[in-house]
Amino acid sequence: MSAQQLSDLIRFARHNSPFYRDLYASLPPDADRLTDLPVVDQEQFWAANTLDGNRVLTGPLSEATVYKTGGTTGAPKFSVYTRDEWRTFVTAFGQGLVDTGLRPGHRVADLFYAGELYASFLFILDSLAHAPVDNVRLPIGGAAPLESTVPTLRDFAAQVVAGTSTTLCRLAEHILAADLRLDAVELVLFGGEALFADQRRLLAAAFPNAAVRSVGYASVDAGLLGRAVPGPDARVHRAFTPESVVEILDDTTGEPITEPGRPGRVVVTSLFRRLMPIIRYPAGDRAEWTDTDLGHFRILGRAEEGVRVGPVSLYSQDAQDAVAEADTEGRIVGMQLVVRRWEGRDGLVLRLATAPGDDDPAALEPLAKAVVTELESARPLYPDSVSTGFVHPLSVEWARHRDLAVNPRSGKLVRVLDERPTA
């Protein structure tokens, strides 16, 4: 299926999807530019995109594959692709894999997650099968025991390992703890979640001969977003054209950002999906242009990856920056924000993971204090709120990477864990 012209897609959606018909009801019939259209409201989109009485789909659900998606929120929802749409999806993404360093004959271990309508394992496997270079695919999966995964990687001399950042880090921790070597691995591809500097150090220790790169930027709800751009910054991608259009919108005005270095929210339009149209759909991430002529943009993290602790707003990136400043020796290999409530007040716990063997509480105490100091310096409202009795003081909880909480369905690290009682 070739990419559809934008004007044709808009007309088709208006005519066949009750949701888009209502969304565009006040627009002139000839509206055919993205800036003529409103950005999709996530809550309204998923309220309309239901199993029964669906108002988003443009036709009956008679030929499609159904996948489960978070839809940029934690509640699972459903996204559908016809066979032609899925073929376009994986073919375009497969072409982008060459930019990651995939070479002819590479033996690639797929450690993404399968089953329960989850897409990533099948998506990567199909993308590899549609890549323009020959490769050998090893469909291991992210749920396989590490005790069996490592021998498989070693037996087949896997050269490429692909999975979520969390899965790859748990594999790396297992390799280091067991004093194993996987010298054949020359490329580690992460996807589905960000990879931070602390995790990169862990991967470098376990895979000393491997480059660590993004597998690409996509989601089952938003579709194609960005193919990796070769270079030192794995966060930089470029849009898949002509299959999709990526916009970065100003947080306040909603206007498209056209200059480099100005952050905004990512919105995508998929030009090849017609059964479940994706038109100016928020991807749930923030980004900034790095080269507008080439269409390169840098992903800055999830738009909603933050938490409110009493009167204080904190983001996962705030804590990552504090760790980067304080941990000059690279001892921290993972992090999670845990919010709890006791004695009538909220409190924030920084759950920090260290490498195997680095677990002496006394030796780690200075590092814990340094991280807390950095974060309080960056967010002075937190210590101010402590002094006024609104929140508990920041604290650190040491753990192993395997102890960090993950999404049981996708295996992705939960960056912010809210353990406050809801009733």
Original post:
Does Thr58 use its side chain to pair, donor to acceptor, with the backbone of Arg274 at less than 3.5 Å?
Top reply: yes

Original post:
Between His106 and Val133, does a side-chain contact (heavy atoms from CB on, under 4.5 Å) hold up when you go through it step by step?
Top reply: CA-CA 9 Å; His106 262 165; Val133 297; over 6 Å; no

Original post:
Between the side chain of Glu63 and the main-chain N/O of Arg83, is any donor-acceptor distance below 3.5 Å?
Top reply: yes

Original post:
Salt bridge or not for Lys68 and Glu116, using N-O below 4.0 Å?
Top reply: no

Subject >> Side chain Asp403, main chain Arg400, donor-acceptor under 3.5 Å >> reply: yes

Original post:
Taking it one step at a time, do Leu171 and Leu153 satisfy side-chain contact (heavy atoms from CB on, under 4.5 Å)?
Top reply: CA-CA 11 Å; Leu171 173 62; Leu153 296 176; 4.0 Å; yes

Original post:
What do the steps show when you test Phe207 against Val212 for side-chain contact (heavy atoms from CB on, under 4.5 Å), and what is the final call?
Top reply: CA-CA 9 Å; Phe207 304 105; Val212 180; over 6 Å; no

Original post:
Between Arg107 and Phe156, is there a donor-acceptor pair closer than 3.5 Å when you use the side chain of the first and the backbone of the second?
Top reply: yes

**OP:** Would you check if the side chain of His130 reaches a backbone N or O of Leu128 as a donor-acceptor pair within less than 3.5 Å?
**Re:** no

Original post:
Would Arg379 and Asp318 satisfy salt bridge (Lys or Arg N to Asp or Glu O under 4.0 Å), going step by step from the backbone distance to the final call?
Top reply: CA-CA 8 Å; Arg379 287 290 178 265; Asp318 295 332; 3.1 Å; yes

Subject >> Donor-acceptor under 3.5 Å (Glu376 side chain, Pro383 main chain) >> reply: no

**OP:** Report the C-alpha distance between Leu352 and Val323 in whole Å, list the side-chain angles of each, state the deciding distance to 0.1 Å, and finish with yes or no for side-chain contact (heavy atoms from CB on, under 4.5 Å).
**Re:** CA-CA 9 Å; Leu352 305 177; Val323 167; 4.2 Å; yes

Original post:
Say you draw a straight line from CZ of Arg298 to CD1 of Ile248; how long is it, rounded to the nearest 0.5 Å?
Top reply: 10.5 Å

Original post:
If you look at every heavy atom in Thr166 and His401, which pair is closest and at what distance?
Top reply: O-CE1, 4.0 Å

**OP:** Calculate, to the nearest 0.5 Å, the distance between atoms NE2 and CG belonging to His174 and Leu176 respectively.
**Re:** 10.5 Å

**OP:** State, to 0.1 Å, how close Leu225 and Phe297 come at their nearest heavy-atom pair, and which atoms those are.
**Re:** O-CZ, 3.7 Å

Subject >> Interatomic spacing from CD in Gln5 to CD1 in Ile10 - rounded to 0.5 Å >> reply: 11.0 Å

Subject >> Asp346 side chain to Gly310 backbone, donor-acceptor under 3.5 Å >> reply: yes

Original post:
Just by distance, do the side chain of Tyr113 and the backbone of Gly142 share a donor-acceptor pair under 3.5 Å?
Top reply: yes

Original post:
Has Glu419 got more than 12 heavy atoms of other residues, nucleotides or ligands less than 6.0 Å from its CD?
Top reply: yes

Subject >> Tyr118 ring center near Phe112 ring center (under 6.0 Å) >> reply: no

Subject >> Distance-minimising heavy-atom pair for Leu350 and Val371 >> reply: CD1-CG1, 3.7 Å

Original post:
Is there a donor-acceptor pair closer than 3.5 Å between any side-chain N or O of Arg14 and the backbone N or O of Tyr24?
Top reply: yes

Subject >> Atom of Leu224, atom of Ala92 and distance for their closest heavy-atom approach >> reply: CD1-CB, 3.7 Å

Original post:
Looking only at heavy atoms, which two atoms of Leu27 and Pro38 are closest? And how far apart?
Top reply: CD1-CD, 4.1 Å

**OP:** Classify the side-chain pair Thr149/Arg170 by whether it contains a donor and acceptor separated by less than 3.5 Å.
**Re:** no

**OP:** Classify the side-chain pair Thr82/Asp84 by whether it contains a donor and acceptor separated by less than 3.5 Å.
**Re:** no

Original post:
Do Arg55 and Ser17 have a side chain donor and acceptor closer than 3.5 Å?
Top reply: no

Original post:
Going by the angle between their ring planes, with limits at 30° and 60°, are Trp86 and Phe123 parallel, tilted or perpendicular?
Top reply: perpendicular

**OP:** Inspect the contact between Arg262 and Asp250 and indicate whether a charged nitrogen and a carboxylate oxygen are less than 4.0 angstrom apart.
**Re:** yes

Subject >> Side-chain ion pair, Asp251 and Arg286, N-O less than 4.0 Å >> reply: yes

**OP:** For Leu364 and Trp398, work out which heavy atoms get closest and say how close.
**Re:** O-CZ2, 3.5 Å

Subject >> Geometric class of the Phe89/Phe272 ring pair [parallel <30°, tilted 30-60°, perpendicular >60°] >> reply: tilted

**OP:** Please round to the nearest 0.5 Å and tell me the distance separating atom CD1 of Ile175 and atom CZ of Arg181.
**Re:** 11.0 Å

Original post:
Between Arg273 and Ser79, is a side chain to side chain donor-acceptor pair (under 3.5 Å) present by the stated rule, with each step listed?
Top reply: CA-CA 11 Å; Arg273 296 180 67 183; Ser79 190; 3.1 Å; yes

**OP:** State the CG-OG1 distance between Leu9 and Thr269, to the nearest 0.5 angstrom.
**Re:** 8.0 Å

Subject >> Carboxylate-amine/guanidinium contact Arg103 Glu186, below 4.0 Å >> reply: no

**OP:** With rounding to the nearest 0.5 Å, note down the distance linking CG in Leu367 to CD in Glu365.
**Re:** 9.5 Å

**OP:** Give a yes or no answer on whether the side chain of Arg137 reaches the backbone of Asn135 with a donor-acceptor pair at less than 3.5 Å.
**Re:** yes

